Amino acid sequence: MGRSQGGKLKIYVDCVSPYSWFGFTNAIKYRPLLNAYGVSVEIIPFFLGGARDGIGNPWTPTPTWKETFAKQDSHMTGELLGLKVVTPKVFPILSLFPVRVATYVKDHYPAEKFEATFPAFSSAFWSKGINISTPEGVLEALKGIFPDDEIKDIMKKALSPENKKKVVDVTMSAGAFGAPWIVAINSNGEKKDWFGNDRWDQVFYHLQVPFTPVSIIPPKEAKAKL
């Protein structure tokens, strides 16, 4: 496999999805080395509910037979990434409001503010059970990132016609049926899409970035590391 001479990776995320939190966390972790191989990385907030409705894949409750596995999967993935996942009592919520807030922050503040805002929403909902679909929930989630008065101003500006349109445009152009939604264009200009946080091997392979697949450490090597 040839080494990448550039490329683009976009990951669309919505705080209503724990897997978006996982995908965001991995994108931040992988970004320095992707950048070193000339691959740009952009994290984009979008409204998952609108995207799914637009493509004909509306949300449906998790089947009872799948609930136990889904809980195990999200909790174990969280553990592997150092994230505490607690199933919120109120689920699902309408995530449009926090997505609008995150979009406004991304467009009007330095990148580090957005990259603090999105995981703050995710951890507020998926660790602390805060209903971030309300102004009170947003205020609580973003404490420590912005002063209270600034959060209130951001929430007001997030409801401007321009920002609302931006969220709609981004959401409907993604072509996503789930989140995180990953779009990668390699150095040959070839584009592929993925749904989920468990497709990184395929993403790196497509981007022609050298990577180590999941592998088991031989017992002798494992003992040597103890």
Side-chain angles (χ1 to χ4, degrees), residues 10-30 43-103 117-142 167-168 170-184 192-203 213-214 216:
K10 294 183 178 181
I11 178 168
Y12 293 81
V13 291
D14 184 332
C15 45
V16 77
S17 158
Y19 293 95
S20 281
W21 191 16
F22 306 152
F24 174 92
T25 302
N26 275 322
I28 294 293
K29 179 174 69 174
Y30 297 140
I43 302 169
I44 305 168
F46 81 133
F47 178 38
L48 175 58
R52 293 186 64 155
D53 288 345
I55 207 166
N57 183 41
W59 180 83
T60 56
T62 301
T64 303
W65 55 265
K66 190 179 179 183
E67 285 180 355
T68 300
F69 171 77
K71 186 174 182 179
Q72 169 188 289
D73 187 41
S74 60
H75 285 212
M76 290 193 71
T77 303
E79 285 182 18
L80 289 168
L81 292 174
L83 306 173
K84 182 180 179 181
V85 178
V86 179
T87 304
K89 292 181 180 179
V90 180
F91 179 85
I93 59 170
L94 183 66
S95 62
L96 183 56
F97 184 50
V99 167
R100 285 170 171 166
V101 171
T103 298
T117 294
F118 182 82
F121 280 151
S122 295
S123 63
F125 185 51
W126 286 102
S127 281
K128 305 166 191 173
I130 297 170
N131 186 347
I132 54 172
S133 67
T134 68
E136 296 78 14
V138 169
L139 193 64
E140 187 173 356
L142 298 187
V167 171
V168 171
V170 168
T171 295
M172 302 315 292
S173 66
F177 56 79
W181 186 256
I182 300 172
V183 180
K192 291 187 183 297
D193 305 326
W194 293 265
F195 159 53
N197 175 61
D198 53 353
R199 297 290 186 267
W200 290 105
D201 279 15
Q202 292 185 26
V203 174
V214 173
I216 298 175

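Keep in mind that this is a model prediction, so the values were computed, not measured. This chain uses plain numbering: 1 for the first residue, then up along the sequence.
Between Leu81 atom CG and Met76 atom CE the span is 12.0 Å, to the nearest 0.5 Å. Asp14 contributes atom CG, which lies 7.5 Å from atom CZ of Phe47 (distance to the nearest 0.5 angstrom). To the nearest 0.5 Å, atom CD1 of residue Ile28 and atom OG1 of residue Thr25 are 8.0 Å apart. Here the OG1-NZ distance, from Thr87 to Lys71, works out to 5.0 Å after rounding to the nearest 0.5 Å. Interatomic distance, Thr171 OG1 to Arg52 CZ, rounded to the nearest 0.5 Å: 13.5 Å. One finds the CZ atom of Phe24 at 10.5 Å from the CG atom of Leu83 (value rounded to the nearest 0.5 Å).
For the residue pair Glu67 and Thr62, the shortest heavy atom distance occurs at OE2-O, 3.8 Å. Residues Pro92 and Trp59 come closest through the heavy atom pair CD-CH2, 3.6 Å. Between Ala51 and Phe46 the shortest heavy-atom distance is CB-CE1, 3.6 Å. When all heavy atoms of Ile132 and Ala141 are compared, the closest pair comes out as CG2-CB, 4.1 Å. When all heavy atoms of Val203 and Ala184 are compared, the closest pair comes out as CG1-CB, 4.4 Å.
Each of Val99, Ile44, Thr103 was compared with Val170 under the side-chain contact (heavy atoms from CB on, under 4.5 Å) criterion, and only Ile44 meets it. Considering Val183, Asp193, Leu48 as possible partners of Tyr12, the one that fulfils the side-chain contact (heavy atoms from CB on, under 4.5 Å) test is Val183. If you run ring-ring contact (aromatic ring centres under 6.0 Å, His included) between Trp126 and each of Phe121, Phe91, Trp21, only Phe91 comes through.
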Would you check, one step at a time, whether the test side-chain contact (heavy atoms from CB on, under 4.5 Å) holds for Ile43 with Phe118? CA-CA 10 Å; Ile43 302 169; Phe118 182 82; 5.8 Å; no
Set out, in order, the CA-CA distance, both residues' side-chain angles and the distance that settles side-chain contact (heavy atoms from CB on, under 4.5 Å) for Ile11 and Trp181, then state yes or no. CA-CA 6 Å; Ile11 178 168; Trp181 186 256; over 6 Å; no
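Here the side chain of Asn197 pairs no donor or acceptor atom with the backbone of Tyr19 at under 3.5 angstrom. Listed for the Ser127 side chain is a donor-acceptor partner under 3.5 Å among the backbone atoms of Lys84. Distance alone, capped at 3.5 Å, is enough to place a donor-acceptor pair between the Ser123 side chain and the Ala120 backbone. The closest donor-acceptor contact from the side chain of Ser20 to the backbone of Val13 lies at 3.5 Å or more, if one exists at all.
Counting heavy atoms from C-beta outward, Ile93 and Phe125 have side chains that approach closer than 4.5 Å. In this structure the side chain of Pro180 never reaches within 4.5 angstrom of the side chain of Phe22, judged on heavy atoms. Put simply, the side chain of Trp200 reaches to within 4.5 Å of the side chain of Ile182, judged on heavy atoms.
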